[in-house]
Amino acid sequence: MIDLVFPDGAVRPYPVGTTGRAVAESLSKSLAKKAVLIKLDGALRDLDRPIETGGPIEILTREAPEALEVIRHDTAHILAQAVQELFPGTQVTIGPAIEDGFYYDFARETPFSLDDLALIEKRMAEIVDRDEPIRREIWPREQAIAHFEDLGEAYKAEIIRDLPEDVPISIYWQGSAWKDLCVGPHLPSTKHVGKAFKLTKLAGAYWRGDHRNAMLQRIYGTAWTSQAELDAYLHRIEEAEKRDHRKLGRQLDLFHMQEEGRGMVFWHPKGWALYRTLEAYMRRRLEAAGYVEVKTPQVLDNTFWQKSGHWDKYRPNMFVCETVEGEVLALKPMNCPGHVQIFNVGLRSYKELPIRMSESGACHRYEPSGSLHGLMRVRAFTQDDGHIFCREDQIETETADFIRLCQSVHADLGLKTDHIALATRPDVRAGSDEFWDKAEAQMLTAARMAGVEPVIAEGDGAFYAPKLDFIVKDAIGRTWTCGTIQLDYVIPERLDAEYIAEDGSRQRPVMLHRAILGSYERFIGILIENFGGAFPLWLAPVQVVVATITSDANDYAETVAKQLRAAGLRVEVDGRNEKINYKVREHSLGKIPVIAVVGRNEAAEGTVALRRLGSDGQEILSLEDAKIALSAEALAPDQRTCGV
């Protein structure tokens, strides 16, 4: 017999080899009808798989959060079955569940078309309706290899050959005619998957991600527990496509990227105005928080990176060059070692600490070309970097102060903090368990000092210490990791950072690595998508367009623009010989926050007609009143607070 422990604490004995279904039936007939999986000692298992050992057990229904990933994996299998039924001779390879959905890679000479997706979806729905039972078998390795080779499934045979000898070869059947190699778990039958799925796109993928291997065809899809969840997801995707920063970057003339500079951004005047506005705001916030700004070299000798420890870890991601004198130099991939060099100049006293350094530091990292993605993943980027050198007794207060600062900045920029994650010790790490106990407790205490209860992210800490990551939510509900603070006792040791303690001894400072935006490039990409290109007035690259109704108002339009610019606004004039409705429509598509319309009457009376983006109405103001109102409205959030 084995003892199973239920969520309410009850312990019940069952025969060895009992199944989750039998356990569910022993509890409740209605529960057994709804059960689809079990969780045994924290691991998901098939409902009908024999249970050989006791432990904590939960009976899961289809609505359990843990079931969603299995629904997606099952849907991938149903996709593969549908493809092979419709297109005989197609080989299946792998088909995992992924975030928000699944994919499956196929080997087929004839390319799939978008029209094929509708046909495949229809067959998938038929397979669901068939209620094909899903069952697990364990096969001898050689039998499995021979079976898939006989079917012409060379990829499946290769996967089995490459599995470690001690891994059981588990085969999952769907009905009596279709099977796949898989570790599971799976639902009891295809009907439990439901029909809240949709195939979304086609792509190419190299077998096992190696460009030297054959190119396969990948079909992506999404699957959810209910139709309502699927509809909500598809709406989010539609909104996300409208807000794609790459599309809006072109449409709004902010930036572009090209093949000759992979992963490098060409900022256009409007995009650079946005960048500089954000950078100026960050400088003011950091200066007000007690930071001193520094600038460190772009290129340093490789011996420097060897001493810091980055050469061994980051060398494959560093851009390296050699001089005619035989020097081996590297573009900096991060700023932290350079900040230690500034700290190390002269003797530091405990009275000076904390020292808070900031730098808009340009960094370069080699990223494979296939991973590059607009502003979100680049090779050249600028970090809003900062490092706090402090005593150990200052860690908690400095971290708490940073948490408050980071949350305030994100709020100013239109992003809401969803949660803060405390990333704890990874499996491979430096330092003793005692050190990690202390460091994790310091981060937890600091978060609570700032009024935050962090979400624990087990094992996600840095190699050298735990960290706090800031997860924000945008206008359409997506989450982004923006901002981090990380404890570091290691680099100060490696680079000989010291200060004179109160007792006259030499001590190592603690280094807090921190960033609020992460990088300007990625954060601007997030801002573009969050606002859909319709930035608040203070951030907008062009804040006001003065548009003329008739050409004889052009001189007055220039006067209006000159006075608004003198008040600190970013202004353009549209004096083209076009109808005013055409101009208004065009600048509305360009996401201009304010259009100041002027004609003969406005010129004669010294007024402007202000039209706001998204509003059909207009407001008639004197030029002086408009200048005062708009200049006040265009102040950054920190300037409004300070009355600057």
Side-chain angles (χ1 to χ4, degrees), residues 42 65-66 68-69 97-100 236 282 289 313 334 336 373 376-377 381 383-388 390 395-431 433 435-491 510-523 525-527 529-530:
E66 300 94 329
L68 181 55
E69 183 174 351
I98 57 175
E99 184 178 4
D100 292 337
R236 289 198 303 274
M282 288 302 303
K313 186 173 182 181
M334 64 273 298
C336 37
H373 179 74
M376 303 302 193
R377 192 78 176 264
F381 58 95
Q383 290 181 313
D384 70 311
D385 216 352
H387 296 90
I388 301 170
C390 64
I395 289 172
E396 291 171 2
T397 55
E398 286 298 309
T399 301
D401 286 345
F402 174 75
I403 291 170
R404 298 184 190 100
L405 174 64
C406 191
Q407 289 180 312
S408 172
V409 168
H410 289 160
D412 280 355
L413 295 168
L415 296 167
K416 178 184 177 183
T417 302
D418 185 73
H419 66 275
I420 294 176
L422 170 55
T424 60
R425 66 197 76 184
D427 292 336
V428 179
R429 58 184 181 269
D433 285 342
F435 160 77
W436 279 89
D437 289 341
K438 177 180 71 173
E440 289 170 0
Q442 288 169 324
M443 292 281 99
L444 182 59
T445 299
R448 288 172 174 168
M449 285 174 63
V452 172
E453 189 62 35
V455 174
I456 305 301
E458 295 284 354
D460 285 349
F463 171 76
Y464 46 81
K467 61 178 180 172
L468 293 171
D469 289 328
F470 294 74
I471 316 300
V472 300
K473 185 171 286 188
D474 68 12
I476 59 173
R478 297 173 300 181
T479 56
W480 307 85
T481 301
C482 295
T484 187
I485 185 163
Q486 305 175 3
L487 261 176
D488 188 357
Y489 289 83
V490 175
I491 286 185
V510 177
M511 192 174 182
L512 299 175
H513 302 251
R514 44 104 296 164
I516 296 175
L517 308 183
S519 79
Y520 279 92
E521 288 74 12
R522 178 174 177 269
F523 196 84
I526 292 170
L527 284 182
E529 297 197 0
N530 180 56

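All heavy atoms count here, side chains included; hydrogens, waters and symmetry mates do not.
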Open item on the list: Rounded at 0.5 Å granularity, tell me how far CD1 in Ile485 sits from NE2 in His513.
Closed with: 10.0 Å
TODO: Take Asp427 and Arg429 through the salt bridge (Lys or Arg N to Asp or Glu O under 4.0 Å) test and state the conclusion after the steps.
DONE: CA-CA 6 Å; Asp427 292 336; Arg429 58 184 181 269; 5.1 Å; no
Task: Interatomic distance, Trp480 atom CH2 to Leu527 atom CG [nearest 0.5 angstrom] - done: 10.5 Å
- [ ] Among Thr397, Ile403, Thr399, Asp401, find the one that has a side chain to side chain contact (heavy atoms under 4.5 Å, CB included) with Met449.
- [x] Thr397
Open item on the list: Distance check, rounded to the nearest 0.5 Å: Cys336 atom SG versus Gln383 atom CD?
Closed with: 8.0 Å
Open item on the list: So, using ring pair (Phe, Tyr, Trp, His ring centres under 6.0 Å) as the criterion, who are the partners of Phe523 when residues are at least two apart?
Closed with: none
Task: Charged N-O contact under 4.0 Å between Arg425 and Glu458 - done: no
TODO: Provide the closest heavy-atom pair for Arg522 versus Thr481 in the form atom of the first, atom of the second, distance.
DONE: NH1-O, 2.8 Å
Task: Nearest-0.5 Å distance that lies between atom CG in Leu422 and atom CD1 in Ile420 - done: 10.0 Å
Open item on the list: In the structure I gave you, are the side-chain heavy atoms of Met282 and Leu517 within less than 4.5 Å of one another anywhere?
Closed with: yes
Task: Test log, rule side-chain contact (heavy atoms from CB on, under 4.5 Å), inputs Leu487 and Met443 - done: CA-CA 8 Å; Leu487 261 176; Met443 292 281 99; 3.8 Å; yes
Task: Stepwise side-chain contact (heavy atoms from CB on, under 4.5 Å) check, Leu512 with Glu398 - done: CA-CA 9 Å; Leu512 299 175; Glu398 286 298 309; 3.9 Å; yes
TODO: For Trp436, check side chain to side chain donor-acceptor pair (under 3.5 Å) against everything at least two apart and list the hits.
DONE: none
Just list the side-chain donor-acceptor pairs under 3.5 Å for residues 411-419, sequence neighbours left out, or say none.
from   : atom 1 : to     : atom 2 : distance (Å)
Asp412 : OD2    : Tyr281 : OH     : 2.6
Asp412 : OD2    : Arg285 : NH1    : 2.9
Asp418 : OD1    : Lys473 : NZ     : 3.3

TODO: Taking all non-hydrogen atoms of both residues into account, name the closest pair between Ala475 and Asn530 and its distance.
DONE: N-OD1, 2.7 Å
- [ ] Please identify each residue that fulfils side chain to side chain contact (heavy atoms under 4.5 Å, CB included) with Ala289, with sequence neighbours left out.
- [x] Tyr291, Leu405
Open item on the list: Using every non-hydrogen atom in the two residues, find where Gln407 and Val452 come nearest and quote the distance to one decimal.
Closed with: NE2-CG2, 3.7 Å
- [ ] Could you tell me the separation between the OG1 atom of Thr445 and the CD atom of Glu440, rounded to the nearest 0.5 Å?
- [x] 11.5 Å
TODO: Report yes or no: does Thr484 contribute a side-chain atom to a donor-acceptor pair with the main-chain N or O of Leu468 at less than 3.5 Å?
DONE: yes
TODO: Identify the two heavy atoms, one from Ala400 and one from Ala450, that lie closest to each other, and give their separation to 0.1 Å.
DONE: O-CB, 3.8 Å
Open item on the list: One pair to check against side-chain contact (heavy atoms from CB on, under 4.5 Å): Ser519 and Asp384. What are the steps and the verdict?
Closed with: CA-CA 6 Å; Ser519 79; Asp384 70 311; over 6 Å; no
Task: Where Ala446 and Glu396 come nearest, the two heavy atoms and their spacing - done: CB-O, 3.5 Å
Task: Heavy-atom closest pair, residues Cys406 and Cys482 - done: SG-O, 4.5 Å
- [ ] Tell me, please, which residues at least two apart from Glu453 pass side chain to side chain contact (heavy atoms under 4.5 Å, CB included).
- [x] Leu444, Arg448
Open item on the list: What verdict does the side-chain contact (heavy atoms from CB on, under 4.5 Å) test give for Ile476 and Asp474, after you've listed the backbone C-alpha separation in whole Å, the side-chain angles of each residue and the deciding distance to 0.1 Å?
Closed with: CA-CA 6 Å; Ile476 59 173; Asp474 68 12; 3.5 Å; yes
Task: Over 12 foreign heavy atoms within 6.0 Å of CD, Gln442 - done: yes
TODO: Give, for atom CZ of Arg514 and atom CZ of Phe402, the distance between the pair rounded to the nearest 0.5 Å.
DONE: 5.0 Å
Open item on the list: So, using side chain to side chain contact (heavy atoms under 4.5 Å, CB included) as the criterion, who are the partners of His373 when residues are at least two apart?
Closed with: His245, Arg246, Met376, Arg377
